[in-house]
Amino acid sequence: MRNFLVEAPNIDFLKIRKLGYLFSFLLLVMSLTLFFTKGFNLGLDFTGGTSIQIKFNQPIKISDVRPLLKDVNLDDAVIQEVGTEKKEIEIRVPIKKGSSSTIVESVKKALDTKYKGQYEIRKIEFIDALVGSEMAKASIYSMIFVFIGILLFVGYRYEPLFAIAGVIPLFHDAIITLGIFSLLGREIDLTVIAAILTVLGYSLNDTIIVFDRIRENIQQRGKKNLESIINRSINENLGRTIITSGTVILSVLAMYFFGGESLNSFALAIFIGVIFGTYSSIYVAAPLILDVENLLRSRVKKEQVSGV
Amino acid sequence: MKLDAKIKLLVIFLVLAGSIYIMMTKSPKLGLDLQGGVSITLKVDIDKVIKDQYLNVAKDIEKKFKENNIELLSSKSENDSLKIVLLDPTKIDKAKEILKKEFPQLTVESSEDTLTVKFTDWELNRIKTQTMKQAVETLRNRIDQFGTLSANIAQKGKDRVLVEIPGVIDLERAKAIIGKTAQLELKEVVDSAYSKEELLKKYPNGIPEDLELLEGQEEIVNGQSVKEWFLVKKTPVITGAMLKDARTALDQGGNPAVNFELTSEGAEIFGEATQKMIGKRLAIVLDGKVMSAPVIRSRITSSGQITGRFTTEEANDLAVVLRAGALPAPVSIVEESVIGPTLGKESIDKTLMAGIVSFTLVGLFMIYRYALSGFIAVIALIFNLMLLWVTMLLFDITLTLPGIAGIILNIGMGVDGNVVIFERIKEELHKGKTLRVALEEGFKRGFRAVFDSHITVIIAALALLEFGNAPLKGFAATLSLGTFINLFTAVFLTKMMLDFTIGGRKYFKYAI
């Protein structure tokens, strides 16, 4: 490990890039299918409603609480366990007539019939449906902002070619992360969106380190043998890419296992994002430079031919 | 040691000393999610204010037209305009001229006999800004009187006000005080009855335009619950704007009530009006509901009493909101969160633990992989975290739970720059270069990649600062600041420390 991958290996990444594309394509199709069939478990931030988090003195069963809520006409409440101790639950009531206060009163009344004095309300949240839809819109806008910002920055610092090749994998990373959240049925709230935005910024981190090396190697050797330059650059940077992602993953794992319930989804989203971000910077972003370049070149040729 | 190096060392020492001083003297501002408390976001109904403004301006226009012998067929205020139809279409040019001269805040469009009047963008903006300013001001007054220190009240977006009150408080009472429009109006009663139908029966052609129907309070009369309905003049005699003071008192029956006192200007108007109204009833209307409607026995000037079926606490709170002034428009709660203090404490403990674990894991790995250089990177990381903390203290940036997540993430991302550079050094060493040369090459070539990759993280963080709620902004703040500081600690500070420890040595077994 001390000198793991210091010496550049000699893996022909570009030769197997079609396999990488296929793998990515399958993952994307699966994610998009999940979006439309299973959908997302959207959090309170986006749906609006009232959420009440309650901690009991002793472990309880959700099945014991449900009938109590039915008695106060909260049939449509969703009850979820929080944490692993089975002591904490979250009751979520969708937006409807009546204020959050009346809902909280009803829940208290329901719980008092069985658990009087044995619980503590830890957190109450109410979000208006209007705010929820605004948040959803803002999330989408901010993602677009990040894409465009990165496109411009990379285009400015490198070449437009690099910018395109760098941004496509970001869509890939974001879609797959959301796909896995859909698959697991994990709740998507604002912190998850924040995590995805962070991953967009970070995933490019890896990509840029490879791009920088490609740029350096092009400066030294010219663009003639782009394929071997890209291959060489990926190989030279393999250790770097894996280690930088590795240290982030160490932090995120610490957050996932020790950071408590509220940071759980956040840590998971970053974890998934960094894994796929690392993968995509090796198997998607760098190879794309070659393919986009080839595509552009063949178009230029065609234009020249038709121009004659 | 060269002079240059001495100065650098001195700067670092000063930064360190300053940081320690700041850390000892200032404590961080904790977000509500970490200390517990109530956060309420209110939406101010600006549309209603604008509609009211159109109504007001309609009155002024009517008056001005009358002075110039222009008669109106009708004037109707819509949400975003005022439509005025003239009785005599030939006077339309004159009407336009008057509008242009007397009402510069309006734009006018005309067709045959109709004038469509709108506020200019500048005027609309002024109304909106003014309304929001007044809303924030009023809420601050109310909360100050409620006796809670350290509350944070701020405008958020175009039509929202964020109210944050740390600590445990009575949420319902807070909501009642914050949410009450507290528009006090005294209106002349034209007619009243004990049911809506009975009252409306007297007006088969609908109620006249200058009157409105208002609901009274429920009362118990002879053991039966009854409610009186009132037909009152739309234009109030007096509004809460002319209020000087409001205090709790007891009414004749010994029940809690609120006594109010008017400003001198208000007293004058009130005196004149009550003089004419002797024998008639005056409705005391609070937020569109008639609280009571006493009969005027004699001229009243400066004071009055609001009775109702109040508890002492309710009367107190009403006095508070009346004193603090009315909100310029109705408000509604669009977001609300209450976080218990134990949850906040637990969040701090848990994330602190996660931070320590993260730091230990990353630190051990760095030392294992990069030996002395790794150790120096860890020191640079400590510097990074310290500077981040100090920056937050200096600029009073609120620490939130996602903010701590940003700091933890910073531990993992912060060493990235070092990894990129150190790997480059290893590579150069592997190629057979001497330590000194490899160090120079590594930093020189590595920096460009580190800089570019850091900027992209900052771009993402900026997007987060723009959108997102208060806690998430905390995340964006720690992430972007941390990344920014990292550009210095991971590159310049590390380079300096390495230069000091390795010095001119060409080869050093444990350097990297």
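To find a chain, count down the sequence lines: A is the first, B the second, and so on, and within it residues start at 1.
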Exercise for the section: Walk me through it: do B:Lys350 and A:Glu261 pass the test side chain to side chain contact (heavy atoms under 4.5 Å, CB included)? Expected result: CA-CA 9 Å; B:Lys350 279 189 176 155; A:Glu261 187 60 29; 5.9 Å; no
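- Contact annotation for A:Arg240: both backbone and side-chain heavy atoms come within less than 4.5 Å of a heavy atom of chain B.
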Handout entry: side chain to side chain contact (heavy atoms under 4.5 Å, CB included) between A:Thr191 and B:Phe475, worked out
Key = CA-CA 9 Å; A:Thr191 60; B:Phe475 169 70; over 6 Å; no
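- Annotation for B:Ala354 and A:Met255: closest pair CB-CA, 4.0 Å, computed over non-hydrogen atoms.
- Salt bridge status for B:Arg424 with A:Glu216: present, with a side-chain N to carboxylate O gap under 4.0 Å.
- In A:Phe56, the CZ atom is crowded: over 12 heavy atoms of neighbouring residues, nucleotides or ligands sit closer than 6.0 Å.
- Atom-to-atom distance recorded for A:Thr198:OG1 and B:Leu409:CG is 6.5 Å, nearest 0.5 angstrom.
- When each of A:Ala194, A:Gly149, A:Gly239 is scored by its heavy-atom pairs under 4.5 Å with chain B, the top score falls to A:Ala194.
- Taking each heavy atom of A:Thr244 and B:Val420 in turn, the nearest pair found is CG2-CG2, 4.1 Å.
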Handout entry: Test side chain to side chain contact (heavy atoms under 4.5 Å, CB included) applied to A:Phe153 and B:Ile458, step by step
Key = CA-CA 11 Å; A:Phe153 177 73; B:Ile458 292 177; over 6 Å; no
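- The candidate with the highest count of non-hydrogen atom pairs below 4.5 Å against chain B, out of A:Leu200, A:Ile52, A:Asp212, A:Leu5, is A:Asp212.
- Rounding to the nearest 0.5 Å places CG of B:Leu464 at 5.0 Å from CG of A:Leu197.
- Only the side chain of B:Lys43 comes within contact range of chain A, judged by heavy atoms closer than 4.5 Å.
- For the side chain to side chain contact (heavy atoms under 4.5 Å, CB included) criterion with B:Glu335, the lone passing option out of A:Leu130, A:Val131, A:Asp45 is A:Val131.
- Both the backbone and the side chain of B:Ile411 come within contact range of chain A, judged by heavy atoms closer than 4.5 Å.
- To the nearest 0.5 Å, atoms CG (A:Leu250) and CG (B:Leu361) are separated by 5.5 Å.
- Looking at B:Glu466, neither its backbone nor its side chain comes within 4.5 Å of chain A, counting heavy atoms on both sides.
- Looking at B:Tyr370, the atoms closer than 4.5 Å to chain A (heavy atoms on both sides) sit in the backbone and in the side chain alike.
- Distance check: B:Glu423 CD to A:Thr241 OG1 gives 9.5 Å after rounding to the nearest 0.5 Å.
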Problem - Criterion side chain to side chain contact (heavy atoms under 4.5 Å, CB included) on A:Tyr158 and B:Asp452, from CA distance to verdict - result: CA-CA 10 Å; A:Tyr158 296 78; B:Asp452 288 353; 2.6 Å; yes
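- Residue contact with chain A, scored on non-hydrogen atoms closer than 4.5 Å, is absent for B:Ile356.
- For A:Leu263, the part lying under 4.5 angstrom from a heavy atom of chain B is the side chain only.
- Interface check for chain B: of the options A:Lys55, A:Met143, A:Glu7, A:Gln53, the most heavy-atom pairs under 4.5 Å are formed by A:Glu7.
- In this structure, chain B has heavy atoms under 4.5 Å from both the backbone and the side chain of A:Ser139.
- Taking both residues in full, the closest heavy atoms of B:Ala460 and A:Val146 are given as CA-CG2, 3.9 Å, listed atom of the first, atom of the second, then distance.
- One distance of note links CD1 of A:Ile148 with CD1 of B:Ile459; it measures 11.5 Å at 0.5 Å rounding.
- If you measure heavy-atom distances from A:Ile270 to chain B, the contacts under 4.5 Å come from the side chain alone.
- Around NZ of B:Lys158, the count of heavy atoms belonging to other residues, nucleotides or ligands within 6.0 Å does not exceed 12.
- The two residues B:Arg369 and A:Phe4 have their closest heavy-atom pair at NH2-O, 2.7 Å.
- With a threshold of 4.5 angstrom between heavy atoms, B:Leu32 does not approach chain A through any atom at all.
- Of the residues considered (A:Ser245, A:Ala195, A:Ser203, A:Ala254), A:Ala254 shows the highest number of contacts with chain B, using heavy-atom pairs under 4.5 Å.
- Within 6.0 Å of atom CD in A:Glu120, more than 12 heavy atoms from other residues, nucleotides or ligands are found, so the atom counts as buried in its surroundings.
- Counting all heavy atoms, side chain and backbone alike, A:Thr247 lies closest to B:Phe365 at CG2-CD2, 4.1 Å.
- Residue contact with chain B, scored on non-hydrogen atoms closer than 4.5 Å, is absent for A:Leu253.
- Here B:Thr456 contributes atom OG1 and A:Asp206 contributes atom CG; the two are 10.0 Å apart, rounded to the nearest 0.5 Å.
- In this structure, the portions of A:Glu236 lying under 4.5 Å from any heavy atom of chain B include both its backbone and its side chain.
- Both the backbone and the side chain of A:Tyr202 come within less than 4.5 Å of a heavy atom of chain B.
- Proximity to chain A involves both the backbone and the side chain of B:Ala405, based on heavy atoms less than 4.5 angstrom apart.
- The contact between B:Ala371 and chain A is made by backbone and side chain atoms together, counting heavy-atom distances below 4.5 Å.
- When the shell of 6.0 Å around CZ of B:Phe484 is examined, it contains 12 or fewer heavy atoms from other residues, nucleotides or ligands.
- In this structure, chain B has no heavy atom under 4.5 Å from any part of A:Tyr256.
- The two residues A:Glu125 and B:Ser337 have their closest heavy-atom pair at CG-CB, 3.4 Å.
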